[in-house]
Q: 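This is the structure, below, for whatever I ask next.
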Amino acid sequence: MAGALASHANAVLRGSAPLNPPMAALVPVAWVHRAPSLDPDQRRAALTSVYLWGTIPGDVAQPGVLGVSPCFEAIMSNKVSTKPPSGTRDFLPLDIARRQYVIDVIREVYERHGFVPLETPAIENLSTLLGKYGDEGDQLLYRLLHRRDALKRAVQTAATDGRPVAEAELADQGLRYDLTVPLARVMAQYGQLPRFFRRYQIQPVWRADRPARGRFREFYQCDVDVAGTTSPVAEVEVCSAVAAVLERLGFADFTIRLNHRELLRALIRAADITDSLESKALVAVDKLDKIGRDGVTAELVDRGIAETSAARLIELITPGDPGDASPDSQTVLAHLRKCGLDESGQRALAGLEELLSLAAETPAGSHLSVAPELARGLSYYTGPIFEIAVPDLAGSLGGGGRYDGLIGMFGRRQIPAVGFSLGLERILVVMQERDMYPELGVGAEVMLCWLDVDMGRALGVAARLRGQGLRVETFPDQAKLGKQLQYADTTGASIAAILGQSELDAGRITLKHLAKRTQESVAIDEAAEAVARMR
RNA sequence: GUGGGCGUAGCUCAGUCGGUAGAGCACCAGGUUGUGGCCCUGGUGGUCGUGGGUUCAAAUCCCAUCGCUCACCCCA
């Protein structure tokens with residue numbers, strides 16, 4: 001529409017098309033003024049018709065006055081982008097079919113593990129969200145600007161004080177950043193939940209991050225968490241659940257990398273790195289698989305860590321042989337035992353050993369692998385941490401860990417918890433690349449093509465077919481049969497049900513298999529069986 | 001936030017001494033009235049991302065701006 005109008009508008013302004021209302025009415029006022037080909041009378045006519053056009057808002061210029069409503073200009077100039085905002089996506093029917101397939105598997109496996117569903121609002125109070133994800137995370141929170149009076153008040157208060165408005169004054173709500181913090185809020189809020197609360201939650205989260213491959217600003221997480229216990233049973237069960245999901249989806253080559261926050265801290269202490277540099281050291285160490293030992297050493301030094309400490313830390317987190325890229329867990333554990341860790345480090349190490357042995361007979365067992373360099377960005381983890389890796393994806397398919405302090409941050413009671421989060425989009429990206437989807441049908445199976453019958457009778461037959469459990473689309477127009485069949489093909493319907501007067505008179509319908517090009521006439525009330533037979 | 005690449009039809013792209021836009025696919029209509037995916041003919045659809053500059057003349061040259069994208073950063 002806008003294109004045609006703009007094209008006509010151009011022709012008008014060039015003088016090669018007549019200036020007729022109402023088309024001319026859609027020529028923006030500014031264009032009319034600029035148009036060299038218009039004489040004063042034409043100009044006045046154009047502006048008058050702009051004025052008379054019914055949908056023009058009040059702020060459009062009066063005749064003879066230069067100015068254009070912003071929305072008006074936007075329509076005319078095709079400036080309205082129809083793409084979804086950067087980092088977000090529309091899910092078209094086939095996309096939904098794939099997502100739903102994966103979500104169905106996740107839900108079923110989670111429920112089989114005894115997890116119960118939870119949904120929480122997209123919007124949370126900033127007081128709930130801030131301070132849980134570290135400084136980087138806080139930066140990535142989407143904030144909701146105050147509305148109306150609250151916004152005016154904030155701006156005015158600052159103006160009265162003669163200072164610029166601070167970010168914190170402009171918003172007190174934001175979009176959730178993950179599903180773990182909302183769960184923690186729910187745990188703190190509701191006392192009547194089961195003592196061991198196992199919940200799953202599949203919902204979108206939002207991060208004001210720079211989008212990249214497999215990385216979005218709006219994406220789905222599929223979380224399982226166990227709250228209310230420090231028992232390693234909780235760790236094993238969440239790992240088992242995600243491992244079972246991935247196996248059911250057809251992944252065979254994933255590893256669940258396993259580490260422990262306290263072990264990491266102990267290693268950093270053992271390398272003589274001060275607490276203030278701990279987080280910087282973690283970020284560098286986490287890149288081991290990407291940039292290698294030398295790369296990490298360089299980065300550690302770059303971040304202000306003494307060369308001797310950097311070298312020592314590398315030694316601690318990488319067992320003996322530098323050529324061995326992925327040593328097995330027992331080798332790693334044996335190496336760590338010899339590192340002279342302090343008491344807390346020893347405890348963490350023992351915890352990891354216990355986890356490995358407890359998980360042995362679960363789906364997670366064969367996939368767990370100790371990775372002393374694994375750090376993970378979120379600051380709320382306190383114990384074991386996990387991350388899922390597959391060979392052909394730079395990022396991870398999911399991650400999680402124990403967060404015994406998070407729920408207590410809401411100031412009610414301390415409740416220990418552990419959780420695991422699968423990243424839906426990452427899974428979809430890999431499944432797409434590896435062509436792991438089964439046949440997924442979208443839309444109707446039967447296209448009702450009708451010819452010389454009354455439209456109402458056609459709709460009636462469609463209803464009867466649907467009553468038999470068939471998925472039926474009715475062709476909307478009177479059209480040649482060939483057109484109808486051609487359209488049926490494009491929708492993915494496998495069978496055309498052809499209804500003409502002769503069929504209707506006999507209470508029958510002609511079913512045509514579009515791919516096999518075979519057809520048969522059946523009683524309308526027996527169509528479902530016939531369709532099943534033809535499939 | 002830092003650096004590189006790209007913005008022409010719904011999609012994939014051509015258009016490279018500046019001369020007011022093309023192809024393929026897709027879509028629509030025909031090739032006579034209830035049987036399609038091939039073929040043939042015709043058609044719809046583009047302020048060449050946006051704004052400014054140079055020029056008689058800009059998709060093409062210059063500047064700015066926006067958008068997309070890759071790497072870094074960080075993460076699911």
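Naming: A, B, ... by sequence-line order, numbering from 1 per chain.
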Q: Do the ring planes of A:Phe91 and A:Tyr220 sit parallel (below 30°), tilted (30 to 60°) or perpendicular (above 60°)?
A: perpendicular
Q: Which value, in whole Å, describes the distance between the C1' atoms of nucleotides B:A58 and B:C48?
A: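 Each nucleotide's C1' atom is 11 Å from the other's.
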Q: Which part of the nucleic acid, if any, lies within contact of A:Leu514, taking any heavy atom under 4.0 Å across all strands shown: a base, the sugar-phosphate backbone alone, or nothing?
A: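 Base contact - A:Leu514 has a heavy atom under 4.0 Å of at least one base atom.
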Q: When rounded to the nearest Å, what value does the distance between C1' atoms of B:U50 and B:U8 take?
A: 14 Å
Q: Using a heavy-atom cut-off of 4.0 Å across all strands, would you classify A:Leu422 as base, sugar-phosphate, or nothing?
A: nothing
Q: Figure out the CG/P separation between A:Leu140 and B:C75, and round it to whole Å.
A: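 Atom-to-atom, A:Leu140 to B:C75, this comes out as 9 Å.
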Q: Mind listing the N/O atom pairs, protein and nucleotides 41-43 of chain B, below 3.5 Å?
A:
none

Q: Just the rounded figure in Å: distance from P of B:C27 to CG of A:Asp477.
A: 16 Å
Q: Would you indicate whether the side-chain heavy atoms of A:Arg198 and A:Val238 approach each other to under 4.5 Å?
A: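 With C-beta onward as the side chain, the pair stays apart.
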Q: Could you give the CD1-to-C1' distance, from A:Ile385 to B:C75, as a whole number of Å?
A: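 In whole Å, B:C75 C1' and A:Ile385 CD1 are 14 Å from each other.
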Q: Side chain of A:Arg215, heavy atoms from C-beta onward: which of B:C75, B:G30, B:G37 has the nearest atom to it?
A: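 Minimum distance to the A:Arg215 side chain belongs to B:C75.
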Q: Could you pull out all residues at least two apart from A:Arg107 that satisfy salt bridge (charged side-chain N to carboxylate O under 4.0 Å, His left out)?
A: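 A:Asp104.
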Q: How long is the line joining CG of A:Asp452 and P of B:U35, in whole Å?
A: 12 Å
Q: What does A:Ser396 touch in the nucleic acid at a heavy-atom separation under 4.0 angstrom: a base, only the sugar-phosphate, or nothing?
A: sugar-phosphate
Q: Hey, does A:Phe216 reach any base, or is it just sugar-phosphate, or nothing, if we go heavy atoms under 4.0 Å?
A: base
Q: With rounding to the closest Å, how many angstrom separate the P atoms on B:C72 and B:U44?
A: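 Each nucleotide's P atom is 48 Å from the other's.
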Q: Which part of the nucleic acid, if any, lies within contact of A:Glu387, taking any heavy atom under 4.0 Å across all strands shown: a base, the sugar-phosphate backbone alone, or nothing?
A: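 Answer is nothing: A:Glu387 stays at 4.0 Å or more from every strand.
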Q: Answer yes or no: is there a donor N or O on one side and an acceptor on the other, between the side chain of A:Lys516 and the main chain of A:Met534, under 3.5 Å?
A: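 Checking the backbone N and O of A:Met534 against the side chain of A:Lys516, a donor-acceptor pair under 3.5 Å is found.
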Q: To the side chain of A:Arg426, which of B:U35, B:A76, B:G37 is closest?
A: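 Closest nucleotide among those given: B:A76.
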Q: Suppose you measure atom C1' in B:A71 against the same atom in B:A64; what distance do you get, rounded to whole Å?
A: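 25 Å, rounded to whole Å.
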Q: In plain terms, say whether A:Glu425 and A:Arg215 are close enough for a salt bridge, that is, a side-chain N and a carboxylate O under 4.0 Å apart.
A: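 Result for this pair is no, no salt bridge flagged.
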Q: Using the C1' atom on both, measure B:C63 against B:C74 and round to a whole Å.
A: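 Roughly 34 Å separates the two C1' atoms.
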Q: Can you tell me if A:Asp138 uses its side chain to pair, donor with acceptor, with the backbone of A:Gly131 under 3.5 Å?
A: yes
Q: A:Ile509 has an atom CD1; how far is it from atom C1' of B:G34, in whole Å?
A: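 It is 13 Å, rounded to the nearest whole Å.
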Q: Strictly by Watson-Crick or wobble contacts shorter than 3.5 Å, is anything paired with B:C68, and which nucleotide is it?
A: B:G5
Q: Classify the side chain of A:Gln484 versus the base of B:U35 as yes if they form a donor-acceptor pair under 3.5 Å and no if they do not.
A: no
Q: Would you indicate what A:Gly500 reaches in the nucleic acid, counting non-hydrogen atoms under 4.0 angstrom: base, sugar-phosphate, or nothing?
A: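 Answer is base: heavy atoms of A:Gly500 come under 4.0 Å of a base.
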Q: Over 60° means perpendicular and under 30° means parallel, so classify the ring planes of A:Tyr487 and A:Phe475, tilted if in between.
A: perpendicular
Q: Listed in order of residue number, which residues of residues 201-210 of chain A have a non-hydrogen atom at under 4.0 Å from RNA chain B?
A: A:Arg207, A:Asp209, A:Arg210
Q: Would A:Gln201 and A:Thr120 count as having a side-chain donor-acceptor pair, cut-off 3.5 Å?
A: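 Distance-only check passes for A:Gln201 and A:Thr120.
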Q: Look at A:Lys480 and B:C28 and indicate whether a side-chain polar atom (N or O) is within less than 4.0 Å of OP1 or OP2.
A: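 Answer no for this pair, as no side-chain N or O of A:Lys480 is under 4.0 Å from OP1 or OP2.
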Q: Can we say A:Glu520 and A:Arg533 salt-bridge, meaning some charged N sits less than 4.0 Å from an Asp/Glu carboxylate O?
A: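 The answer is yes: the pair qualifies as a salt bridge.
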Q: Reading RNA chain B from 5' onward, which residue's closest nucleotide shows up sooner: A:Gly423 or A:Gly482?
A: A:Gly482
Q: If you measure from the P atom in B:C38 to the same atom in B:A29, how many Å do you get, rounded?
A: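 Those two atoms are separated by 16 Å.
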Q: Both distances below 3.5 Å, Watson-Crick or wobble geometry, any strand: find the nucleotide opposite B:G46.
A: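 Looking at the geometry, B:G46 pairs with no nucleotide.
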Q: Whole angstroms only, please: what is the CD-C1' distance between A:Gln486 and B:C28?
A: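 It is 11 Å, rounded to the nearest whole Å.
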Q: Take A:Ser502 and A:Ala284, find for each the nucleotide of RNA chain B with the closest heavy atom, and name the residue whose nucleotide sits nearer the 5' end.
A: A:Ser502
Q: Looking at the base of B:G34, is there any donor atom on it, or on the side chain of A:Glu503, that sits under 3.5 Å from an acceptor on the other one?
A: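 Indeed, a donor on one side and an acceptor on the other fall under 3.5 Å apart.
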Q: So, A:Arg217 side chain and A:Pro211 main chain: donor-acceptor pair closer than 3.5 Å or not?
A: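 Side chain of A:Arg217 to backbone of A:Pro211: no pair is present.
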Q: Using the C1' atoms only, state how far B:G51 lies from B:A59, rounded to an integer number of Å.
A: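 Straight-line distance between the two C1' atoms is 16 Å.
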Q: Give a yes or no on whether A:Arg457 atom CZ has more than 12 heavy-atom contacts from other residues, nucleotides or ligands under 6.0 Å away.
A: no
Q: Under 4.0 Å between a Lys/Arg side-chain N and an Asp/Glu carboxylate O for A:Glu387 and A:Arg257?
A: yes
Q: Does B:A59 pair with anything, Watson-Crick or G-U wobble, both distances under 3.5 Å, and if so, with which nucleotide?
A: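 Base partner found: none.
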Q: Under a 3.5 Å cut-off for both contacts, is B:U35 paired Watson-Crick or G-U wobble with anything, and if yes, with which nucleotide?
A: none
Q: Is B:U41 paired to anything, Watson-Crick or G-U wobble with both distances less than 3.5 Å, and if yes, which nucleotide?
A: B:A29
Q: Counting heavy atoms from C-beta on, name the nucleotide in B:A76, B:G34, B:G30 closest to the side chain of A:Leu451.
A: B:G34
Q: Which nucleotide, if any, forms a Watson-Crick or G-U wobble pair with B:G18, using both distances under 3.5 Å?
A: none
Q: Kindly indicate whether the side chain of A:Ser86 and the base of B:G67 share any N or O donor-acceptor pair separated by less than 3.5 Å?
A: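 Looking at the base of B:G67, it does not pair with any donor or acceptor on the side chain of A:Ser86 (distance under 3.5 Å).
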Q: With both distances under 3.5 Å as the test, what is the Watson-Crick or G-U wobble partner of B:G24?
A: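 For B:G24, the partner nucleotide comes out as B:C11, under the 3.5 Å rule.
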Q: If we take the P atom in both B:U2 and B:G49, what is their distance in whole Å?
A: 25 Å
Q: Just by modelled atom types, is the A:Ala375 backbone N or O under 3.5 Å from a matching donor or acceptor in the A:Arg261 side chain?
A: yes
Q: What is the distance, to the nearest angstrom, from the CD1 atom on A:Ile106 to the C1' atom on B:A76?
A: 12 Å
Q: What is the distance from CG of A:Leu504 to C1' of B:G34, rounded to the nearest Å?
A: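 About 14 Å, once rounded to whole Å.
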